[in-house]
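Below is one structure, written out as structure tokens; the observations come after it.
Atoms within each ligand, like the ligands themselves, are counted from 1 in listed order.
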Amino acid sequence: MLMVANWKMNMDRAAISNYLDVLSREERWSRWCSNGYRLVLSPPSVYLDFLACEIRKRELPFWVVGQNVCAHEKGAYTGEVSVDMLRDLGVSGVILGHSERRRLFGETDAHVAAKTALALSRELVPIVCFGETEAERLSKEHAQVWERQIAPVWKEVLKARAAGSETPVYWAYEPVWAIGTGRTAAIDDIREVAGSLREIFGHDCSAGLLYGGSVTDESLAVLVEKGTVYGFLVGGAFLDSEAVLRAFDNLTHHP
Ligand code: 13P
């Protein structure tokens, strides 16, 4: 089970050190890890290197992933970060197509597909976000939205598989109406997602389905108990390292 803390545009070096200091006091990380519970931290790109070094220094078994990557390999793309740069820093994966990138920075389904292809070509694990807005859900278009967002990415995954890639891909259902609003999707909504993905992919993807959107210790425990998802993307709640510890404590009581 993957627990991804998406810090978005928050934290600085002092806050990161404090966060890791709190987590370091916990002695069960390697046990949790060998039982399949993995903490994944996603800082702003300027702190990827710092975070990765601090984690190594403290010998913590956490993975570090980027929040975005450029759709081009290299060259004149001012302000961008490439897949090779992420690899160079020892980053394991990258969040792609987050709704904030789609809504605020004009990222399209085609961009997300291109980024996924590049990530897979460098064995960087893509965490592909998708999800509908409130208006799309109210007009019952949500399943079409998921398909529109996922189908071009899936094509690239199939091409990569045909070329021999075995890098896992995670699919993060993050309904826009649930992000930062305090409203979480219901179990039935998530089951519907799993069903739609099964249709698009032609197979069960439950081993790769993550959920994000106002996840807290409580909502997380309920979703885990019902066995619907393989992990979570957590924004606001996981800016607090104590909340991370509480979540792992809860989770590991629901094997
Ligand atoms: P919140 O947990 O703050 O709703 O954010 C979810 C999210 O966007 C994770 O990527």
Quick one: does [X] get an N or O within less than 3.5 Å of an N or O on ligand 1?
| X | value |
| --- | --- |
| T181 | no |
| V234 | no |
| E100 | no |
| G235 | yes |

- Query: Between Y37 and F248, is the ring centre distance below 6.0 Å?
  - Reply: no
Any side-chain to backbone donor/acceptor pair from [X] onto [Y]? Under 3.5 Å, distance only.
| X | Y | value |
| --- | --- | --- |
| S214 | A178 | yes |
| R161 | T167 | yes |
| Y211 | G213 | yes |
| Q67 | K8 | yes |
| R122 | D84 | no |

Measure the distance from [atom] to every protein heavy atom, then report the residue, atom name and distance (to 0.1 Å) of the closest one.
| atom | result |
| --- | --- |
| atom 5 (O) of ligand 1 | K8 NZ, 3.3 Å |
| atom 9 (C) of ligand 1 | E174 OE2, 2.9 Å |
| atom 3 (O) of ligand 1 | G236 N, 2.8 Å |

- Residues K159, E156: salt bridge by 4.0 Å N-O rule: yes
- Query: When you check the gap from the basic side-chain N to the acidic O, do R246 and E242 get nearer than 4.0 Å?
  - Reply: no
- Query: Contact between S214 and ligand 1, counting heavy atoms under 4.0 Å?
  - Reply: yes
- Message: If the contact criterion is a heavy-atom separation under 4.0 Å, does G212 count as touching ligand 1?
- Response: no
- Item | For ligand 1, the portion of N6 having any non-hydrogen atom under 4.0 Å away | side chain
- Below 4.0 angstrom from a heavy atom of G180, which ligand 1 atoms are there? Numbered from 1 as shown, please. 1 (P), 4 (O)
